[in-house]
Amino acid sequence: MSGLVLKLGPHERVLINGAVIENGEKRSRLAIMTPNANILRLRDAIHPEEVNTPVRRVCYIAQLVLTGDADAEEARLQLLRGIEQLSQVLTDHDSRTQLTLASRAVMEGHHYQVLKALRALLPREERLLAAARA
């Protein structure tokens, strides 16, 4: 079996190609066999009022493509610019690795992978912002 496997908890919701799907009473697994399907776990979704940091802004653009609310080609330049701006600030090796993965995914049109790579930067960004406030 190949493809993406989603493990869903009871009543968990997921967006697949613009359709919201809610799991039933029990845990289940879904195998997504269609390549390049746009998938977003709604528990992982960033809500508009939460778009208040540089990494979250770039994540949100990728998320809008996944939800069908933004055109992939139009978002491409915004994503690449955002990733470039982040790379000027997040200069450590781990962040650079995630930003490189995100850039490659943008170029390949794999927006789920863009979001996944960028979300890995959220804890680091939070620590940096907390240190700046202290």
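Just so we're clear, the structure is a prediction, and the values are computed from it rather than from any experiment.
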Mind listing the side-chain donor-acceptor pairs of residues 63-71 below 3.5 Å, one per line with the distance, residues two or more places apart or on another chain?
from  : atom 1 : to    : atom 2 : distance (Å)
Gln63 : OE1    : Ile46 : N      : 2.7
Gln63 : NE2    : Ile46 : O      : 2.8
Thr67 : OG1    : Gln63 : O      : 3.3
Thr67 : OG1    : Leu64 : O      : 3.1
Thr67 : OG1    : Asp69 : OD2    : 2.8
Asp71 : OD2    : Glu73 : N      : 3.2
Asp71 : OD2    : Glu74 : N      : 3.1

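Contact between Arg76 and Val106 at its shortest, heavy atoms only, is CG-CG1, 3.8 Å. Listed here is the closest heavy atom pair of Glu25 and Pro10: O-CB, 3.2 Å. Taking all atoms of both residues into account, the shortest heavy-atom contact from Val58 to Ile83 is CG1-CG1, 4.2 Å. Of all heavy-atom pairs between Asn52 and Glu49, the closest is ND2-O, 4.3 Å. Summarising the geometry of Leu121 relative to Gln98, their closest heavy-atom pair is CD2-CB, 3.8 Å, with the distance given to 0.1 Å.
Note that the SG atom of Cys59 and the CG atom of Leu118 stand 4.5 Å from one another [nearest 0.5 Å]. To the nearest 0.5 angstrom, Lys7 atom NZ is 11.5 Å from Ser28 atom OG. How far CZ of Arg81 is from CD1 of Ile61: 10.5 Å, rounded to the nearest 0.5 Å.
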Going through the distances and angles, do Ile32 and Leu6 end up as a side chain to side chain contact (heavy atoms under 4.5 Å, CB included)? CA-CA 8 Å; Ile32 309 299; Leu6 295 175; 4.3 Å; yes

Step by step, would you call Glu12 with Glu22 a side chain to side chain contact (heavy atoms under 4.5 Å, CB included)? CA-CA 6 Å; Glu12 185 174 354; Glu22 183 175 322; over 6 Å; no

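Taking 4.5 Å as the limit, every side-chain heavy atom of Leu42 sits out of range of all side-chain heavy atoms of Val14. Contact of the Pro54 side chain with the Leu86 side chain is registered, since non-hydrogen atoms from C-beta on lie closer than 4.5 Å. In this structure, the side chains of Leu80 and Glu84 stay at 4.5 Å or more apart for every pair of heavy atoms. Using a 4.5 Å cut-off on side-chain heavy atoms (C-beta onward), Arg96 and Thr91 make contact. Contact check for Leu40 versus Ile16: no side-chain heavy atoms found under the 4.5 Å cut-off.
Under the 4.5 Å side-chain heavy-atom criterion for Ile, Leu, Val, Met, Phe, Trp and Tyr, Tyr60 and Val55 are members of distinct hydrophobic clusters. Under a hydrophobic-cluster definition in which Ile, Leu, Val, Met, Phe, Trp and Tyr are linked whenever side-chain heavy atoms come within less than 4.5 Å, directly or via other members, Leu122 and Leu128 are assigned to the same cluster. Transitive grouping of hydrophobic side chains (ILVMFWY, heavy atoms separated by less than 4.5 Å) brings Val114 and Met107 into a common cluster. Linking Ile, Leu, Val, Met, Phe, Trp and Tyr residues whenever their side-chain heavy atoms come within less than 4.5 Å leaves Leu4 and Leu115 in two separate clusters. Residue Leu8 is grouped with residue Ile21 when hydrophobic side chains (ILVMFWY) are merged at heavy-atom distances under 4.5 angstrom, including chains of intermediate members.
Not one N or O on the side chain of Arg43 forms a donor-acceptor pair closer than 3.5 Å with the backbone of Arg13. In this structure a side-chain-to-backbone donor-acceptor pair under 3.5 Å is present from Asn23 to Gly9. Put simply, the side chain of Glu50 gets close to the backbone of His47: a donor and an acceptor are under 3.5 Å apart.
Among pairs with a residue in residues 115-134, those fulfilling side chain to side chain donor-acceptor pair (under 3.5 Å) read Thr53-Glu125, Asp92-Arg124, Ser95-Arg124, Glu126-Arg133, at least two apart in sequence or across chains.
Counting heavy atoms of neighbouring residues, nucleotides and ligands inside a 6.0 Å radius, atom CZ of Arg41 exceeds 12 of them.
Side-chain polar atoms of Glu108 and His110 form a donor-acceptor pair below 3.5 angstrom.
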